[in-house]
Amino acid sequence: MKRDDLAAARVPAQPSTEDVDDALDDDFEQAPAADLAAAEEPAELDERGRKILAFEKQWWRQAGAKEQAIRDTFGFSTTRYYQLLNALLDDPLALAHDPIVVQRLRRLRASRARRR
């Protein structure tokens, strides 16, 4: 065997230019412009999430039991309130809405988790 034949046997075959996909852009379904515009608009935090963050922001100014204020303000149990609050702390929309409050509450949550 010649030297060139050995080199050709070791090198894997390169794809030929004839195997190139010649699909046109029109072959693929295009998303309507309205859907693209809606996807680019930043989503906003829902009303309940905004109210919970506002409550946490001004809570330290209020006197009295926080549990009772939660029941009076939101109309659900403190367990449910803290479930919603924890989910809200992981939501990037909440962070965008009020980053100072969300970061403070995340730090408190992390310190409590470390103590356990």
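Counting begins at 1 with the first residue of the sequence.
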TODO: Output, in order, the C-alpha distance, side-chain angles, deciding distance and verdict of side chain to side chain contact (heavy atoms under 4.5 Å, CB included) for K66 and E56.
DONE: CA-CA 10 Å; K66 186 172 183 179; E56 286 296 324; 3.0 Å; yes

Task: Gap between atom CG of L85 and atom OG1 of T78 - 0.5 Å precision - done: 12.0 Å

Task: Step-by-step side chain to side chain contact (heavy atoms under 4.5 Å, CB included) determination, E44 to L93 - done: CA-CA 6 Å; E44 290 186 8; L93 295 175; over 6 Å; no

Task: D46 CG to H97 NE2 distance, which is reported to the nearest 0.5 Å - done: 10.0 Å

TODO: Walk me through it: do R112 and R109 pass the test side chain to side chain contact (heavy atoms under 4.5 Å, CB included)?
DONE: CA-CA 5 Å; R112 287 183 186 124; R109 180 174 67 178; 5.6 Å; no

Task: Separation of D98 CG from L45 CG (nearest 0.5 Å) - done: 9.5 Å

Task: Approximate separation, where rounding is to 0.5 Å, of I100 CD1 and K57 NZ - done: 7.0 Å

Task: Closest non-hydrogen atom pair between F76 and L84, with its separation - done: CZ-CD1, 3.7 Å

Task: L88 side, atom CG; Y81 side, atom OH - distance, nearest 0.5 Å - done: 9.0 Å

Task: Point-to-point distance, once rounded to the nearest 0.5 Å, from CD of E47 to CD1 of I52 - done: 10.5 Å

